[in-house]
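Reading through the structure tokens given below for one structure.
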Amino acid sequence: ANVPPQGGRKHPHQEFISIDTTNILFICGGAFDGLDKIIENRLDRKSIGFEAEIRSRSERNVGEILSHVQSHDLLKFGIIPELIGRMPVIAPLHSLTRADLVRILLEPKNSLVRQYKALMKYDRVELEFAVGSLEAIADKALDMDIGARGLRSVMESIMTDVMYEVPSDDRIDKVTITEAVVKGEEKPIIHHRPKPQIDPDAESAS
């Protein structure tokens with residue numbers, strides 16, 4: 001392959017460096033949006049027309065459809081034959097499920113749930129996610145159809161007001177996020193510390 005010395009676009013009147021690609025592994029990754037429709041047409045699983053199976057994207061299981069991808073599907077998708085010839089192995093990935101997204105929220109060392117709990121701890125506030133709340137967050141992220149990136153958007157929309165309110169009120173000691181909060185039906189439940197009791201005898205003595 002002839003490559004420009006400084007990178008960038010090729011020009012016919014510039015010098016090129018010749019690179020032997022024999023022992024170079026090319027990895028081409030991406031979402032390949034629309035490739036599933038090409039595969040469906042080849043497999044005769046129509047998603048349009050009079051005899052079409054009308055199903056939503058989640059019901060269609062795009063990951064299962066992509067598992068049937070072949071080189072000529074990529075050719076039809078628009079990848080040039082020279083590049084397809086240099087990609088002998090095609091490995092499709094399955095779409096993230098609701099359970100996968102919940103695990104992403106909880107399990108990594110720097111997971112979103114742990115990050116928000118740590119931020120709240122700076123203000124001596126406990127953050128609690130009630131039963132069903134994380135599943136509801138995962139469902140919202142699935143609806144956005146941008147994979148795990150959607151989790152941060154959903155969490156930000158839930159936590160933004162709370163993050164402003166907590167530092168300005170030192171009596172808050174706990175915030176609970178419920179399923180209804182995620183769905184926008186309620187506001188986060190804020191628990192306050194009890195007011196310190198003033199001893200009347202001590203006041204009279206003073």
Do S133 and E179 have side-chain atoms, one donor and one acceptor, less than 3.5 Å apart?
->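 The criterion, which ignores hydrogens and geometry beyond distance, is not satisfied for E179 and S133.
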In terms of side-chain heavy atoms, does H192 have a donor or acceptor partner in D169 at a distance below 3.5 Å?
->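 Yes, because at least one side-chain N or O of H192 sits under 3.5 Å from a partner of the opposite role on D169.
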Heavy-atom side-chain contact between [X] and [Y] under 4.5 Å:
| X | Y | value |
| --- | --- | --- |
| R124 | D173 | no |
| H68 | L43 | yes |
| I177 | L127 | yes |
| Q70 | K76 | no |
| V175 | E126 | no |
| I38 | N41 | no |

Does E107 have any salt bridge (charged side-chain N to carboxylate O under 4.0 Å, His left out) partners at least two apart in sequence or in another chain, and if so, which?
->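 E107 satisfies salt bridge (charged side-chain N to carboxylate O under 4.0 Å, His left out) with R103 only.
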Test salt bridge (charged side-chain N to carboxylate O under 4.0 Å, His left out) applied to K117 - qualifying residues, sequence neighbours left out |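 In terms of salt bridge (charged side-chain N to carboxylate O under 4.0 Å, His left out), with neighbours along the sequence ignored, K117 is linked to no residue.
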Run the numbers on K140 and E135 for side-chain contact (heavy atoms from CB on, under 4.5 Å), then give the verdict.
-> CA-CA 9 Å; K140 268 199 166 184; E135 286 79 4; over 6 Å; no
Joint hydrophobic cluster, Y164 plus V166, side-chain heavy atoms closer than 4.5 Å |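 Looking at the clustering, V166 is in a separate group from Y164.
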Common cluster, L119/I137, ILVMFWY with side-chain heavy-atom separation under 4.5 Å =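 L119 clusters together with I137.
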Set of residues satisfying side-chain hydrogen bond (donor to acceptor under 3.5 Å, both in side chains) with respect to H94, sequence neighbours excluded |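 Applying side-chain hydrogen bond (donor to acceptor under 3.5 Å, both in side chains) to H94 gives none.
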So among D33, I39, L35, which one has a side-chain contact (heavy atoms from CB on, under 4.5 Å) with F77?
->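 Of all the options given, the one that passes is L35.
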